[in-house]
Amino acid sequence: MAFQGQKAELSYTFSKVVPDSDEDIIFFNKFKELFGQDDNVVVLGVEDEKLFELENFQKWQKLLYDLEKIKFENKENLKGLGDSVNAVSGVVGLGKLPYIYKNEEIKKFEPKSIFPKQVQTQLELDSLLDFTYKIKFYENQLINPKNKASLVLVTLPPKITSTIYNHETVMRISELGNKFSEETGIEIHYVGLPFLRVAISNKVKSEMIIFLSLSIAITAIFIFLFFRSFTPVFVSLSLITIVIIWTIGILGTLGYKITILTALLPPILVVIGIPNCVYFITKYHQECNNKKNKLDAIIYVVKKIGIVTLITNTTTAIGFLVLVSTGIGILSEFGLAAGITIFATFFISLLLLPIVFSYLPMPEGRRTKHLNRGLINKILVRFDFLIENYRPIIYLFTVLIVVCSAVGLSKIKANSYMVDDLPNNTKEKKDIAFIEANFKGTMPLEIVIDTGKPKSYRRPQTLERIEQIENYVDSSAHLSTPISLVTFIKAANQAYFNQSEQSYNLPDKRTGAYVLRYLKGQNDPTAISASFVDSTEQILRVSLKVADIGSLRLDSLVRMSLQPKLDSIFADSVGSTKMSARVTGTTPIFLKGNSYLINNLKWSLLLACILVAIIIGALFQNVRVMLIAIIPNLIPLLVTAGIMGFFNIALKPSTALVFSIAFGIAVDDSLHFLARFRQELLAFDFDRHKAIDISLRETGKSMIYTSIILFAGFIIFAFSSFGGTVALGLLTSITLLVAMFTNLILLPSLLLTFNANIRRSNHPPIEE
């Protein structure tokens, strides 16, 4: 497994969520076939008057040309990327900008550079900047006319955006930009999906190591505090070391990449694997006290808790494995890898723990003193007293909690962001805020226009309708100034009239034919027209950016505002020239994926409940017991949902994931308690009160130990840099803590109240 673990690699792409059969993803894939990717641009933003000082501007120009020269260092490793070693396809920004020049000699427009490769004097620089600000094409696209903030667009080859080469290129861009900032004191803001992918993957790598170390340290500390001996610590750490190796090894074996989710598996499975140790060691110490023989105690423990441990590991695995049913790649990988490792953990612990303890001295004296520890025993005695004497109050309190939680549940809203995982105080979030403040948006959004028939984009009425779209988009507070074929035609018209700012508009009939000639007959597939008109000249593209306003507001913006406006603009087009427009792009697809994911996670929770109920019903052959066991584990989920509603924690992939995972883990305590209850019930001739008392005192210790370890193990994720990981850790910890109380208090109360005798059968009892 250690060897296989070497194959596990970091993921450098946003995970695919929406299935290929979805109508919107089919349309988006067709868009990419026509116009290429919309997520392969790194954006650099600056706003500093010092940039316009000659020395600084010269260094700025050098930076732009150095960015364009970035090459792959190891050409022989470029798998499937062709012969090119260029890591950057192009760079456009202030200091390296083209403009349309009217060549009157040949009666054609020609692209020319506004700036020479290096500006020589301050006077020349000021003159060129004045000229640049007159070119309306760049206004609010690359230059903010109010404060002269500007952007640089660094385009990467589409083939590298989801590979490690994207990481290498973005890191090289950052190095060059940071060097410029150190030399000039001018801050550069970095955005764009390629940059965000790298930022997230770097944090995933560092946090995986940090949280793995923390989970190991926390479990070691708590095990020592519980058992007051280094032997259980050593044995437990040996087990979880093997589990860690197996976790990474399984990822490598299955060919799964390390994503923001799968990176959590090692620390999560460390925490989940520890209860196996706690239950085994606690029971082993109890039997050593009873039998006074080490080997007899080991044999008895393996026989008695082996099957119940298998069942509890199965229910825990179910909480993860149901994620495979979603059909969503990132969740299926996470769930399958976790499920396999949990079963592996069971077999490893069942083999390793008895073997190790068979060679160790028999625990005596202070090593078993924890069995009679006063505080926990007092707590359990108090619980037993409440169960025997105050069950109506317990039920009343439970009903009140359920009602309050239901009110909170009604307040939950499903909302997610493109960069939901990054907190507001990170540089990445601050850089995004800078771009949104100066250019409205950073996330790609596309409008695809079907003109009805080939070669019809040149019609004046078509161009006028596209201009209406652009004007509407530009008036939105959350949508950036768009760019389309109409934008270039306007720029060409301005060039025709010698860059007169008043001429930045669609040409009239007299000059239209001449201006459009610039866009005709271009065989170069990299030409401007190829990026905004398909080869049939029927499909057009309007490209813009949108602020990261969240899925709720974006959905409202698109469905209630933008799409209806598009429909109204083309409403009167009929017949063979019937025109239509549709919104697509990486951003709406990503956010739709979150909605799709949340809906699937709801079904996975339902499936987990059904499967666990079936297992409990099959084990105890009693429908009443099955219902009694499920109720104390559903209430913690309801409490967590209520907390989310009251504290305005949105339902999103990371928070929706909590419920099925926490349910699968929490139900373990129920199974351990029910198994011991069944054993004591048979031993005391179906005296339910005596069976509850013994079960609570004996199994309750292990339930408290494991719940505290699980709580501490998951709460460490609340210190993550990723919002989703914080939510997963915090909410799972709360759920498991509440589940500990419901399983220690409510479950025994229900067993007593509803006369849940587990009758004798032909099957041997499941014992604890």
Side-chain angles (χ1 to χ4, degrees), residues 10-11 196-225 236-237 240-241 243-244 247-248 258-275 320 330 334 338 415-433 636 639-640 643-644 646-659 661-662 665-666 705-740:
L10 280 171
S11 172
L196 290 175
R197 290 188 187 105
V198 171
I200 290 174
S201 66
N202 285 342
K203 290 182 184 295
V204 165
K205 183 177 181 181
S206 62
E207 289 201 353
M208 181 178 176
I209 297 170
I210 292 171
F211 288 130
L212 181 57
S213 303
L214 283 175
S215 65
I216 293 172
I218 285 174
T219 52
I221 290 170
F222 275 102
I223 288 174
F224 180 77
L225 291 175
S236 300
L237 291 182
I240 62 178
T241 299
V243 170
I244 292 167
T247 305
I248 305 299
I258 299 174
T259 64
I260 193 170
L261 266 185
T262 54
L264 299 178
L265 282 178
I268 284 178
L269 291 171
V270 164
V271 176
I272 291 175
I274 285 299
F320 289 90
I330 185 172
F334 177 73
N415 193 27
S416 52
Y417 293 79
M418 282 287 284
V419 286
D420 212 13
D421 288 314
L422 298 176
N424 292 327
N425 60 352
T426 59
K427 186 179 187 316
E428 291 83 7
K429 270 291 186 73
K430 292 177 181 177
D431 288 350
I432 290 172
V639 170
T640 300
I643 291 172
M644 289 172 60
F646 284 122
F647 288 91
N648 199 29
I649 301 173
L651 185 66
K652 52 189 176 182
S654 53
T655 53
L657 192 65
V658 168
F659 296 98
I661 293 176
I665 298 172
Y705 289 169
T706 56
S707 295
I708 291 174
I709 290 174
L710 287 167
F711 176 85
F714 277 99
I715 202 68
I716 62 173
F717 296 122
F719 301 98
S720 170
S721 298
F722 297 112
T725 306
V726 171
L728 178 66
L730 187 61
L731 295 176
T732 304
S733 297
I734 292 172
T735 307
L736 295 176
L737 189 63
V738 175
M740 179 187 74

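Along the sequence shown, the residues carry numbers beginning at 1.
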task: With sequence neighbours excluded, tell me which residues meet side chain to side chain donor-acceptor pair (under 3.5 Å) with Ser215.
output: none

message: Restricting to side-chain contact (heavy atoms from CB on, under 4.5 Å), what partner residues turn up for Ala739, sequence neighbours left out?
response: Pro636, Ala666, Thr742, Asn743

- request: Apply side-chain contact (heavy atoms from CB on, under 4.5 Å) to Phe719 and list each qualifying residue two or more places apart in sequence or on a separate chain.
  value: none

task: Taking all non-hydrogen atoms of both residues into account, name the closest pair between Gly729 and Ser733 and its distance.
output: O-OG, 2.8 Å

field: Gap separating the CD1 atom of Ile244 from the CG atom of Leu269, nearest 0.5 angstrom
entry: 9.5 Å

query: Can you name the ring pair (Phe, Tyr, Trp, His ring centres under 6.0 Å) partners of Phe320, sequence neighbours left out?
result: Phe334

- prompt: If you round to the nearest 0.5 Å, how far is CD1 of Ile240 from CD1 of Ile272?
  reply: 13.0 Å

- prompt: Tell me, do Leu730 and Ile649 make a side-chain contact under 4.5 Å, heavy atoms counted?
  reply: no

message: Please enumerate all residues that pass side chain to side chain donor-acceptor pair (under 3.5 Å) together with Thr732, with sequence neighbours excluded.
response: none

query: Which residues pass the side chain to side chain donor-acceptor pair (under 3.5 Å) test with Thr735, sequence neighbours left out?
result: Thr640

message: For a 4.5 angstrom cut-off between non-hydrogen side-chain atoms, does Leu237 reach Ile216?
response: yes

message: Between Ile709 and Ile223, is there a side-chain heavy-atom distance shorter than 4.5 Å?
response: yes

Which donor-acceptor pairs under 3.5 Å do side chains of residues 260-268 form with protein atoms, sequence neighbours excluded?
from	atom 1	to	atom 2	distance (Å)
Thr262	OG1	Lys257	O	3.1
Thr262	OG1	Thr259	N	2.6
Thr262	OG1	Thr259	OG1	3.2

task: Kindly give the heavy-atom pair with the smallest separation between Leu736 and Ala662, and that separation in Å.
output: CD2-O, 3.8 Å

query: What residues form a side-chain contact (heavy atoms from CB on, under 4.5 Å) with Leu737, not counting sequence neighbours?
result: Phe711, Met740, Phe741

- line: Shortest non-hydrogen pair, Ile274 vs Ser236, comes out as CD1-CB, 4.0 Å

task: Using the test side-chain contact (heavy atoms from CB on, under 4.5 Å), find all partners of Ala650 that sit at least two apart in sequence or belong to another chain.
output: Asn415

